[in-house]
There are 2 protein chains.
Amino acid sequence: MLQLATSRPGAVPESGRCTDCAVRASAICGSLDVPGLDELSRMGRKVHLRPGQTLLWEGDESVLVGNVLEGMLKLSTVTGDGREQIVGIVFPSDFIGRPFGKDSHHSVTALTEARVCVFRRGAFDDFAGAHSGIEAALLRRTLDELDRARRWMLLLGRMSATERVASLLLEMIDRLGDTPGAPISLPLSRQQMGDLLGLAIETVSRTMTRFEREGLIDLPGGRRVVLRDRPGLERIAAG
Amino acid sequence: MLQLATSRPGAVPESGRCTDCAVRASAICGSLDVPGLDELSRMGRKVHLRPGQTLLWEGDESVLVGNVLEGMLKLSTVTGDGREQIVGIVFPSDFIGRPFGKDSHHSVTALTEARVCVFRRGAFDDFAGAHSGIEAALLRRTLDELDRARRWMLLLGRMSATERVASLLLEMIDRLGDTPGAPISLPLSRQQMGDLLGLAIETVSRTMTRFEREGLIDLPGGRRVVLRDRPGLERIAAG
DNA sequence: CGCGTTATTGATTAGTCTCAATTCAGGTGG
DNA sequence: CCACCTGAATTGAGACTAATCAATAACGCG
């Protein structure tokens, strides 16, 4: 339930310039011209995170925002007595942090090795105010995020354990799977899958092995999953 | 589970001008100067909804967006077999609809008598593109909505029925209660409370009467609730 | 190869849902 | 104004899902 590695990430001031950034085209920076990009470039720094490291803490003042360059991170909240809910997973080119707000409502923690391009929130807020393209891009991204969150609310509020696990598998396979039929490596432990689905770890495990027995998936071990019967999973996930 | 009244709302072209709109200061229109407001004014029309009437349907093409002028509406999604989840409640000055998107991911249905100022989505998108103040205001609003949705995900994924009902009561009392200690009238049926909390109607009902027995609230009948022991409810809601 | 962690499997329990029967409230028509 | 009617809310009994507790097995790493 608690984080494993909770040390503060080290700031690694890389020399990379925004103009040759891998996610430039798809991140919100894509809306900027070269001078704007240079200005932003001087404001940001790159941070490297190891799996389990937390970049932002729930309840802390919102000091940082940024873009994911590489890797995957989870956004999570915790109840008073320590039950955790993952409220989002972010991928390269996704935006993280809470601009225009006093404090951050969820923690941001690396699931894999990750690189993030971060800015001080205040400076970013000012920059965004002066470059309406950034605000426009961020608005579109936030609207998509909100749609995703609300879809997940249906899963959490109304779906059975079976339906939830099937939905997650499909989502992960779609977001991670390059080659159809090839095994994909889940970046999530069973515990994290539970925290995402609102289920106990044992329920996730049981459901996965049941799916394997029923020929829907293969579990060759080591967090790998092979999709065997997509229509079957889709039928289950549909409710 | 299904809507009662599902007829299309009538478009009531009121003569009211944006400049003396009740929600102008708090809605996203607040960011506009008088010429901008006039332009927007010509694009919009006012729609009146009765309780149960649906303005936008899940899955439909996103044709309308708008601002709530009066009343309360629910945003909801449904599983394949008809289980419903309410993913949001909107109040006066809140924005509804999905700008910059092909289709709407949830239905918008009036809970009370309501008045909404609506725009064709395409026209609004163009207008927003030309007036960055609108996009900025909408961004802030959407970020707040996203925070709210994620907080609700914790409730749906990790909280017990008791904790969920206590949380809802506190939220409703805070959002609706003018005079502390006075009874507030919930605009939600027990079924709708269930759809919001991811619970069966009977569970909501049982939990409410238990709270009454324990002296936390009074239920004078007719969807009215009186808060008797806020700290007690808060202790329960905290988890 | 052994240790610590993570995952699986099993037995039991608790919490919530479902089904069913009243009761209650609000609106209608006599 | 009151009796009736209808949908909503409450209450009860039982079934079932998923959580919890506990033990074992598999994995990853030094």
Side-chain angles (χ1 to χ4, degrees), chain A residues 1-5 50-52 79 81-85 111-113 155-166 168 183 185-213 217-225 236 239, chain B residues 1-5 50-52 79 81-85 111 155-166 169 183 185-213 217-225 236 239:
Chain A
M1 206 62 90
L2 297 173
Q3 302 310 324
L4 308 175
R50 335 223 63 200
T79 59
D81 60 349
R83 285 165 284 170
E84 176 168 345
Q85 176 67 46
L111 293 170
T112 64
E113 296 277 333
L155 178 144
L156 293 173
R158 289 305 189 196
M159 288 191 176
S160 69
T162 314
E163 291 165 344
R164 293 186 204 193
V165 175
L168 177 62
S185 265
L186 292 182
L188 299 169
S189 68
R190 291 288 186 270
Q191 179 63 62
Q192 286 163 344
M193 292 176 69
D195 291 342
L196 192 47
L197 297 171
L199 295 172
I201 177 173
E202 297 94 333
T203 305
V204 175
S205 185
R206 274 186 252 270
T207 307
M208 297 277 284
T209 50
R210 188 156 57 75
F211 283 170
E212 188 180 30
R213 268 203 313 279
I217 56 173
D218 270 347
L219 295 172
R223 290 193 189 176
R224 279 188 305 280
V225 183
I236 293 170
Chain B
M1 208 62 90
L2 297 173
Q3 302 310 324
L4 307 174
R50 336 225 61 201
T79 59
D81 60 350
R83 286 165 284 169
E84 177 169 343
Q85 176 67 45
L111 293 169
L155 179 145
L156 293 173
R158 288 307 190 194
M159 288 191 177
S160 69
T162 314
E163 292 164 344
R164 294 186 203 194
V165 175
L169 286 174
S185 265
L186 293 182
L188 299 169
S189 67
R190 291 288 186 268
Q191 179 62 64
Q192 286 163 343
M193 292 176 68
D195 291 342
L196 192 47
L197 297 172
L199 295 173
I201 178 172
E202 296 95 332
T203 305
V204 176
S205 186
R206 276 187 250 270
T207 308
M208 297 279 281
T209 51
R210 190 156 54 77
F211 283 171
E212 189 180 31
R213 268 204 312 279
I217 56 171
D218 269 347
L219 296 170
R223 291 194 190 176
R224 278 187 305 280
V225 184
I236 293 170

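Proteins get letters first, then strands, A, B, ... in listed order; numbering begins at 1 in each. Side chains are part of it too, since the values below use all heavy atoms of this structure and drop only hydrogens, waters and symmetry mates.
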**Fill in**
Closest non-hydrogen contact found for B:Leu186 with B:Met208 is CD1-CE, 4.5 Å
**Item:** Side-chain donor or acceptor of A:Gln85 paired with backbone N/O of A:Leu196 under 3.5 Å
**Value:** yes
**Fill in**
Between A:Ile236 and A:Ala166 the two heavy atoms that sit nearest each other are CG2-CB, 3.7 Å
**Message:** Using whole Å, what does the distance between atom P of nucleotide C:dT6 and atom CG of A:Leu219 come to?
**Reply:** 19 Å
**Message:** Please report the end-to-end axis angle for the helix from C:dC1-D:dG30 to C:dG30-D:dC1, five pairs per end, rounded to 10 degrees.
**Reply:** 40°
**Prompt:** Rounded to the Å, how far apart are A:Gln191 CD and C:dT5 C1'?
**Reply:** 13 Å
**Asked** Is there a side-chain contact between A:Glu163 and B:Thr79, using heavy atoms and a 4.5 Å cut-off?
**Response** no
**Complete:** B:Leu111 atom CG is separated from D:dA8 atom P, nearest whole Å, by 14 Å
**Request:** Among A:Val165, A:Ile217, A:Thr162, find the residue that satisfies the side chain to side chain contact (heavy atoms under 4.5 Å, CB included) test when tested with A:Arg210.
**Result:** A:Thr162
**Closest contact, heavy atoms only, B:Arg223 versus B:Leu188** = CD-O, 3.6 Å
**Asked** When you look at A:Arg164 and A:Thr207, which way does the side-chain hydrogen bond (donor to acceptor under 3.5 Å, both in side chains) test go after all the steps?
**Response** CA-CA 10 Å; A:Arg164 293 186 204 193; A:Thr207 307; over 6 Å; no
**Asked** Taking atom C1' of D:dG7 as reference, at what distance in whole Å does atom CZ of B:Arg190 sit?
**Response** 14 Å
**Request:** Write down the distance between CG (B:Leu186) and C1' (D:dA8), rounded to a whole number of angstrom.
**Result:** 14 Å
**Request:** To the nearest Å, give me how far apart CZ (B:Phe211) and C1' (D:dT11) are.
**Result:** 18 Å
**Message:** Check this for me: does any side-chain nitrogen of one of A:Arg224 and A:Asp218 sit under 4.0 Å from a carboxylate oxygen of the other?
**Reply:** no
**Asked** Between B:Ser205 and B:Glu202, is any pair of side-chain heavy atoms under 4.5 Å apart?
**Response** no
**Euclidean distance, atom CD of residue B:Glu163 to atom C1' of C:dG15 [Å, nearest integer]** = 12 Å
Please list, pair by pair, any protein nitrogen or oxygen found under 3.5 Å from a nitrogen or oxygen in nucleotides 24-30 of chain D.
none

**Request:** Take the protein atom CD1 of A:Ile217 and the nucleotide atom P of C:dA7, then report the distance between them rounded to whole Å.
**Result:** 14 Å
**Check: B:Arg158 side chain, A:Glu84 main-chain N or O, donor-acceptor pair, under 3.5 Å** = yes
**Message:** Less than 4.5 Å apart, side chain to side chain, heavy atoms only: is that true for B:Met159 and B:Leu197?
**Reply:** no
Listing time: all N or O pairs from protein to nucleotides 15-22 of chain D that are below 3.5 Å?
residue : atom : partner  : partner atom : Å
D:dA18  : OP1  : A:Ala161 : N            : 2.7
D:dA19  : OP1  : A:Ala200 : N            : 3.2
D:dA19  : OP2  : A:Ala200 : N            : 3.2
D:dA19  : OP2  : A:Thr203 : OG1          : 2.3
D:dT20  : O4   : A:Arg206 : NH2          : 2.9
D:dC21  : N4   : A:Glu202 : OE2          : 2.9

